[in-house]
Trainee: 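Below you'll find the structure I mean.
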Amino acid sequence: MAFPLKRRQFLLKTAFATGLIGTFPFRGLKSNPFERYGPAKLKLSLNTYSFNSMLREGKIDLFDLVQYCAEKGFSAVDPTGYYFPGYPETPTDNYINKFKREVFLNGLEVSGTGVRNDFTQPDQQNRQADLQHIKDWILVASKMGAPLLRVFARRELEPGRDREEAKKWVIEGLRKSAEFGEQHGVMIALQNHNEFLKTAEEVESVLKAVGHPWLGLHLDIGSLQSTDDPYQEIKKLVPYAITWQIKENVYRNGAAEETDYEKVIKIAKESGYRGYFPLETLGAGDPYVKVERMINKVRMILDKMA
């Protein structure tokens, strides 16, 4: 049952006063791990992976995409770490500050950034190296003004690997990442990516096991592929979402089908989600055409639901 406002305020003040707010776990909350106020609010962002090939080939850079986002009326840009000069090394402060200035002057926000990692690696030193990589990029996110860093559990296990052991490593890595993120004001967003974690149940079990308030979900709607109803899987996970990955296709028992954006937006709105709603296109075709098509469809639905 929801607490009356005055009681919620009292509990929050008590938590701050006693130092509990930093360790208040997900499992202590019943219906939704995040307190949100007011009606649902979706702010459209562009996940730069939509332009992966062009960025990799050097045809455009992140500054070009800032201009594009401004021209197309996005609220934010989500610059994945891969596209910063020298990745996996961190960019210079000079580059970060120039990027941050460009974003600000164009009336945009940075909705998040992300890195590659693999917490299922059997070699402890490799897992530790990936954790350090995440910590390094948490600092980048903090300098850039990004509220979150996207990370993975990662690979599907090879035959014969102990799944429960790997799950413990994932939980440990995410907890340590969230603890470091808390110190620097950056949330950790676990992306479900149809690899080690495939179903809503598997994702939820990890989030609950970590139980840290600075860990949430990057809800990738195109990676819930082992189900006969992807929208029900999305609905199960939406309480944990702190950002999204809205894709052109969802999957039903492994088969792709065009995303019903109206269904997804309805789920997000009914959950009371407030925050960024990044769009990402994949596959062949001109990304400029594909992104414009997607944002027009999404905007039309948002206007209809307003």
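The first residue of the sequence shown is numbered 1, and numbering continues consecutively from there. Just so it is clear, the model here is predicted, and its values are computed rather than measured.
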Trainee: Side-chain heavy atoms under 4.5 Å apart, restricted to Ile/Leu/Val/Met/Phe/Trp/Tyr: what other residues fall into the cluster of Val289, or is it alone?
Mentor: none

Trainee: On the six-membered ring of Tyr83, is Arg56 placed so that its NZ or CZ lies under 6.0 angstrom from the centre and within 45° of the ring axis?
Mentor: no

Trainee: Tell me, please, whether Tyr82 has Arg116 positioned over its six-membered ring: NZ or CZ under 6.0 Å from the ring centre and within 45 degrees of its axis?
Mentor: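 Satisfied, under 6.0 Å and within 45°.
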
Trainee: With Phe180, which residues qualify under ring-ring contact (aromatic ring centres under 6.0 Å, His included), at least two apart?
Mentor: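 Partners of Phe180 by the ring-ring contact (aromatic ring centres under 6.0 Å, His included) criterion, ordered by chain and then number, come out as His184.
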
Trainee: Any side-chain hydrogen bond (donor to acceptor under 3.5 Å, both in side chains) involving residues 139-158? Give me the pairs, sequence neighbours left out, ordered by first then second residue.
Mentor: Asp78-Arg150, Thr80-Arg150, Asp93-Lys143, Arg154-Glu195, Glu156-Lys198, Glu158-Arg161

Trainee: Suppose we screen for salt bridge (charged side-chain N to carboxylate O under 4.0 Å, His left out). Which residues come up paired with Glu164, at least two apart in sequence or across chains?
Mentor: none

Trainee: Quick one: side-chain hydrogen bond (donor to acceptor under 3.5 Å, both in side chains) pairs with a partner in residues 101-111, sequence neighbours left out?
Mentor: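 Of all non-adjacent pairs touching residues 101-111, those that pass side-chain hydrogen bond (donor to acceptor under 3.5 Å, both in side chains) are Lys43-Glu109, Ser45-Ser111, Glu109-Tyr276.
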
Trainee: Listing request: all salt bridge (charged side-chain N to carboxylate O under 4.0 Å, His left out) pairs with a residue in residues 117-126, at least two apart in sequence or in separate chains.
Mentor: none

Trainee: Go through the structure and list residues passing salt bridge (charged side-chain N to carboxylate O under 4.0 Å, His left out) with Glu71, not counting sequence neighbours.
Mentor: none

Trainee: Got a sec, which residues hit ring-ring contact (aromatic ring centres under 6.0 Å, His included) with Phe63, two or more places apart in sequence or on another chain?
Mentor: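 Per chain and number, Phe63 pairs via ring-ring contact (aromatic ring centres under 6.0 Å, His included) with Tyr95, Phe99.
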
Trainee: With distance as the sole criterion, is a donor-acceptor pair present between the side chains of Glu257 and Asn249 under 3.5 Å?
Mentor: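 Side-chain D/A pair, Glu257 to Asn249: absent.
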
Trainee: With sequence neighbours left out, what residues match Lys290 under salt bridge (charged side-chain N to carboxylate O under 4.0 Å, His left out)?
Mentor: Glu248

Trainee: Could you tell me if the ring centre of Phe152 sits under 6.0 Å from that of His218?
Mentor: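 That pair fails the under 6.0 Å test.
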
Trainee: Sequence neighbours excluded and cut-off under 3.5 Å, please list the side-chain donor-acceptor pairs for residues 166-174, or say none.
Mentor:
unit_1, atom_1, unit_2, atom_2, d
Lys167, NZ, Ser205, OG, 3.1
Glu172, OE2, Lys176, NZ, 3.2

Trainee: Listed by chain and number, what are the salt bridge (charged side-chain N to carboxylate O under 4.0 Å, His left out) partners of Lys297, not counting sequence neighbours?
Mentor: Glu258

Trainee: Any ring pair (Phe, Tyr, Trp, His ring centres under 6.0 Å) involving residues 279-306? Give me the pairs, sequence neighbours left out, ordered by first then second residue.
Mentor: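 Qualifying pairs: Phe51-Tyr288, Tyr68-Tyr288.
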
